[in-house]
Number of protein chains: 2
Amino acid sequence: MKPDPVKMDAEPERRPATAYEVAELAGVSQSAVSRVFTPGASVSAAMREKVQDAAQQLGYRPNLVARSLITRRSSLIGVAVPGTANPFYQAALDALSTSFARIGYRVLLFTSDPLAGSDPILEEVLRYRVDALVLISTSLSSHFADECLQQGLPVVMLNRKTDGDSVPSVAGDNRRGAKELAAFLLAGKHRRFAYVAGLEHSSTNRDREAGFLEGLAERKIRHVERVVGNYSAGDTELVVRKLLSSTTPPDAIFCANDYMALVAINLARAEFQLNVGTDVSIVGFDDIEMARWPIFGLTTYSQPVKVMVQRVVQVVQRQLSAAVVPAVQHIVDGELIVRGSARVPQTGVVRSADQWTWHSRKHRGISR
Amino acid sequence: MKPDPVKMDAEPERRPATAYEVAELAGVSQSAVSRVFTPGASVSAAMREKVQDAAQQLGYRPNLVARSLITRRSSLIGVAVPGTANPFYQAALDALSTSFARIGYRVLLFTSDPLAGSDPILEEVLRYRVDALVLISTSLSSHFADECLQQGLPVVMLNRKTDGDSVPSVAGDNRRGAKELAAFLLAGKHRRFAYVAGLEHSSTNRDREAGFLEGLAERKIRHVERVVGNYSAGDTELVVRKLLSSTTPPDAIFCANDYMALVAINLARAEFQLNVGTDVSIVGFDDIEMARWPIFGLTTYSQPVKVMVQRVVQVVQRQLSAAVVPAVQHIVDGELIVRGSARVPQTGVVRSADQWTWHSRKHRGISR
DNA sequence: TTGAAAGCGCTAACAC
DNA sequence: GTGTTAGCGCTTTCAA
């Protein structure tokens, strides 16, 4: 119940205290207050104490808006994330938020419509003068990319690439991963293959599809049943149902990501009473947390989110400091994680850390 | 390949254009530019066109930082969300971001450590002069709450409450829901009950536990095996394993949220070969998307995220406009959704929309 | 080390 | 309807 030390008005203090008010109370100049709250400024101990005392009393907090205006840096990172339930995005966003927080940045969130273009939303972001833009599985018009480039605004894509090489990106090894999965399924003596595509225009989907087909083509497999799940649970359920209802259903299904694969497993088991891993093999891509839940036991190709995010942060930092940085397309290695959702080949499976992995002959024994 | 209309320097334009530059190019005053970009200001058509032309050429975008400084409104909502994989948070964050975007606000994201207090992070948020604070399943020291109150900063808790009534909150009907689940399990003739607790100090956990025990007590059941899962997958796996390994394992397990319940189902099936729904009944709380996946078919009590978020937005808006608003604790109704993970009682199950629900005798026939 | 003064880019009176 | 003039709360020269 200690009384307000400054004034006893009935009206509650309606606006936050300013540096000027602190200065007045402490009997110093306003710039002295600024210095006390600027790391690495030169202030005497006496001054620091006086100011901090006054600040404490008034509940003063530096106004970052005002600071941003003059420093031209907001310490905000705009992050676009698709508005779907795919746990991969949650993991990525979480890691991004945590990693950037560690180096003094906050995340300004933008939910992007996975179907529509994200330009209008990003247009908005720029007004907030974010220091950088990170796009999780979100595409970008090249026009907009140019504009950002011109304004010197760092942009990085996570889990997606642009067509040109104008925007740096960090992604998993989609092509190789999908190819390995194809080789894995081939080695497991599967015969009838199906591909459940994600969003048609996403680079991840294209690369994974290309890799998968490429892998199959090496063994002269040309026929692959193709359906489109659009990375959505609803669509996936529909198309996988169709797939499994066929008179000659596939015995190997590659879903372009884990989320769709989980939906597929679910459907195969609950609706078709299939034993996933023996009656039908289902594999995915990402290695999200639930993939390793025993109930799913999804065989998949991993995308190490933590590593990818760390790389994103690096790229942003580099762009922030250097004047001009080449727009590198970073590829983060993954591994084929063997669990129970697909028939396991006789050879090639090895113990690695606390899980089983598989490497095609071509890649076996390649040291890293 | 159209040349830069303003200057042809080799150096790329390094900073965004200002309203002043636009004004100069258009041959008007800077405030005219401001007006053109202020909805509802009075500008002639001719002026508007001139200005928009110039703005277009320079790639001008109003600087919201500068605007915030003077309007004292940032159109930013600080949102704290726990850093865990629970899909409920993803759904809530998503809905929050979308709903606020519709009324012109953006989300400034803060990942809160679910264990540690969130004060230090929130301290940070205040510096950004967010217009309001939404805490998803995150607690708040009463000291900090007071400080926000005093600064006139709206704060709303989602899916959690404070001890006092100082901070408004929006939550599901935890107590009643848990009580209904108890009644449901009782009606299903279960005998040995277990409760998997969430975070000990969270209000949701306390209310759900209280409701569950209360429901059981009405039928003189006093013994409930209690373990703590802390809303985490790892902890939950450990304690549920212990539960099921017992010589007299429970035949009914209530997990304080769906996420833990899914982990439990998973474990019971994969590790103990139990048929969930007959050998053992498992129920949860939230009704997250995956609860309705056939593979899980989780019987649970629903928390309608969309509705809850809509309510949060309302509360924030009210606080933003009115001077003083009483800190109401909003409770959003849910329903007991019957699926396959728990033995179903003979009576009380009714078809509602496209799913089955259950109501205890006490609540049957209550019209809404 | 400290203070005075000049803005950062914009909005909001206020005149015209 | 349009321009002029003050600031918003802070950082940053520049002198003292």
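Note that the structure is predicted; figures quoted are calculated from it, not measured.
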Length of the line joining B/Lys50:NZ and D/dG1:P, which is rounded to integer Å: 15 Å

pair B/Val51-B/Val22: side-chain heavy atoms closer than 4.5 Å: yes

pair A/Arg129-B/Arg61: side-chain heavy atoms closer than 4.5 Å: yes

Nearest-Å distance for atom pair CZ/P, residues B/Arg127 and D/dC10: 11 Å

Distance, nearest 0.5 Å, that separates NZ of A/Lys161 from CG of A/Leu140: 15.5 Å

Heavy-atom side-chain proximity of B/Thr18 to B/Glu21 below 4.5 angstrom: yes

Test item: A/Ser321 side-chain N/O and A/Gln317 main-chain N/O as donor-acceptor pair under 3.5 Å: yes

Check: A/Val305 and A/Phe88 side chains under 4.5 Å, non-hydrogen atoms: yes

Summary of protein contacts for nucleotides 3-9 of chain C, nucleotide by nucleotide, where a base hit scores B, a sugar-phosphate-only hit scores S (4.0 Å, heavy atoms): BB--BBB

Sugar-phosphate, base or nothing in reach of A/Val33, heavy atoms under 4.0 Å: nothing

Protein-nucleotide distance (B/Arg73, atom CZ; D/dC8, atom P), rounded to Å: 18 Å

Contact under 4.0 Å: A/Ser42 side-chain N or O vs C/dT1 OP1/OP2: yes

Touch class at under 4.0 angstrom, heavy-atom based, for A/Ser34 against every strand present: base

